[in-house]
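Here's the structure we're looking at; comments come further down.
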Amino acid sequence: MSDVPNLDPQQLRSWLNRAAQHDAAAFRLLYDATSAKLFGFALRILGKRELAEEVLQESFVAIWHNAGTYQSHLAAPMTWMTTIVRNKAFDLLRRSDVATEIDGDPFDAAIMDALHDPAATPIEALELSRDAAALAYCMSVLDGAHRQVLGLAFFHDLSHSEVAQQMALPIGTVKTWIRRSLDKLKTCLTKGARP
Amino acid sequence: MNIRDNAPLREKLAAEYVLGTLKGGARRRFESYMHNDAALRLLTVEWQERLAPMAEFAPAVQPSQQVWAGIERRLNLRPARTGWLASLNFWRGLGIASTAVAALLAVVISTRVLDQPQLDYVATLTDDKAHTALVLTGDTQHKALTVRLVGNAPVASDKTLQLWAVPKQGNPRSLGLLADKGEVRLALGSNAIGDDVALLAVSLEPKGGSPDPNGPTGPILYKGAWVRVM
């Protein structure tokens, strides 16, 4: 992850604004800065390079066309772009009936280690953006199984009952875990908790 | 159900909408609520801000270069060119700088730049198929070297292009790092333009340039020679 270029929100916002005015050079810079992150994310959802590349291409075409509607006062640029990638990836899954492999751990091993035991693998070592590091910290405080439930839902577009099936849990338990985990995350992130 | 006055429910639905567990009819109903409820939209954006960074928990992976090529094709994006260098389009087809071409370039340059910096050196660097990839212009008076990429030469994000002056004898001398598109201005010193410079070359190097101070470590992608035009 060390070669991930500058994801400074100010910079990304400025490229997005210029792309909205059909500045192809700014759009290319935006692509260079974010494509590896977004591709990694699409790959995590879809599992296959060719599908993830299709989604990345679709997403950037959408980003170009919709840059003018991006409201910088509402969402951070990476939030806006990852939401587009996630929607496109889930669309593709629904459309194509591709079976993706859902492994037990929805998170990268390094992230998982850091979440399990922040003392052994400091979250700061993961080179995450500030928002992601804060979220990682807040998720590390959750119970491991609760965290897994959130990850399955987020990365694999699963419903309550699908998560329940995947984890062999009663659906009521899954619903409760998700509700409590989301509450805890909100409280933790609002506090601006730091590792 | 009226959700407008039910703050905990609004919060729960917004969070689960973003997480993705709100499905089917409930999801569509939530979207129709959002349509007429700006506060609910804001609540949803706040949850996006909280949860979307989970995307970063997946490691970054470099996509293949075809992805950008496909985007560029679908959106019909062309590299922007400005100023008199737009005439480089004209040079692109000329291929390798033979003596005849060099003479022609000299005419093009000297007639186009009367009011411009004193561009007294020019070099076209070509790839192994003799397609022009870069045009260098040297202005000895202002000691300025401008390198312009003709078209796109996409470079992986962990690589960079490095420009070298290769002397008749001794080690190549680095003239600087190039962007993978557009224009780069470098200092023009005697190390770049001296009489002993036999060749200009561009190599593909790790980000930050060749780790070897004595020369390139990666493949030579483009080469060419200076032509004195004035």
Interface moiety of B:Arg74 toward chain A, non-hydrogen atoms closer than 4.5 Å:
side chain

What is the distance from atom CD1 of A:Ile178 to atom CG of A:Leu150, rounded to the nearest 0.5 Å?
6.5 Å

Under a 4.5 Å cut-off applied to non-hydrogen side-chain atoms, are A:Lys184 and A:Val141 in contact?
no

Can a donor-acceptor pair be found, under 3.5 Å and without considering hydrogens, that links the side chain of B:Arg4 to the backbone of B:Asp37?
no

State, with a plain yes or no, whether a side-chain heavy atom of A:Ile171 is found less than 4.5 Å away from one of A:Lys175.
yes

Please output the residues of residues 59-70 of chain A in contact with chain B, using a heavy-atom cutoff of under 4.5 Å, in numerical order.
A:Phe60, A:Val61, A:Trp64, A:His65

Under a 4.5 Å heavy-atom cut-off, does chain A meet the side chain of B:Lys207, its backbone, both or neither?
neither

Using the ring of B:Tyr33 (Phe, Tyr or Trp, six-membered ring only), decide whether B:Arg10 places NZ or CZ under 6.0 Å from its centre and within 45 degrees of its axis.
no

For residues 76-83 of chain A against chain B, heavy atoms under 4.5 Å, the residues are A:Ala76, A:Thr79, A:Thr82, A:Thr83

For A:Leu182, is it the side chain, the backbone, both or neither that has a heavy atom under 4.5 Å from a heavy atom of chain B?
both

Any salt bridge between A:Arg179 and A:Asp183, counting N to O under 4.0 Å?
no

Determine whether a donor-acceptor pair (N or O, by modelled atom type, separation under 3.5 Å) exists between the side chain of B:Glu205 and the backbone of B:Gly218.
yes

side-chain hydrogen bond (donor to acceptor under 3.5 Å, both in side chains) between B:Glu183 and B:Thr146: does it pass, once the steps are laid out?
CA-CA 7 Å; B:Glu183 198 175 86; B:Thr146 303; 5.4 Å; no

Does A:Arg18 make a cation-pi contact with A:Phe27, if we ask for NZ or CZ under 6.0 Å from the ring centre and within 45° of the axis?
no

B:Glu46 versus chain A, heavy atoms under 4.5 Å apart: side chain, backbone, both or neither?
neither

The interface call for B:Val67 against chain A, heavy-atom contacts under 4.5 Å, is both

Using non-hydrogen atoms and a 4.5 Å limit, figure out which bit of A:Tyr31 sits close to chain B: side chain, backbone, both or neither.
side chain

For the candidates B:Val45, B:Leu75, B:Leu42, which exhibits the highest count of non-hydrogen atom pairs separated by less than 4.5 Å from chain A?
B:Leu75

Checking heavy atoms, do the side chain of B:Leu51, its backbone, both or neither come under 4.5 Å from chain A?
both

Report yes if some heavy atom in the side chain of A:Leu38 is under 4.5 Å from a heavy atom in the side chain of B:Pro63; otherwise report no.
no

List the steps, then state whether side chain to side chain contact (heavy atoms under 4.5 Å, CB included) holds for B:Ser210 with B:Trp164.
CA-CA 11 Å; B:Ser210 170; B:Trp164 304 87; 3.7 Å; yes

Presence of salt bridge, A:Asp157 and B:Lys23, under 4.0 angstrom
yes

For residues B:Tyr17 and B:Arg27, determine if any side-chain heavy atom of one lies less than 4.5 Å from a side-chain heavy atom of the other.
yes

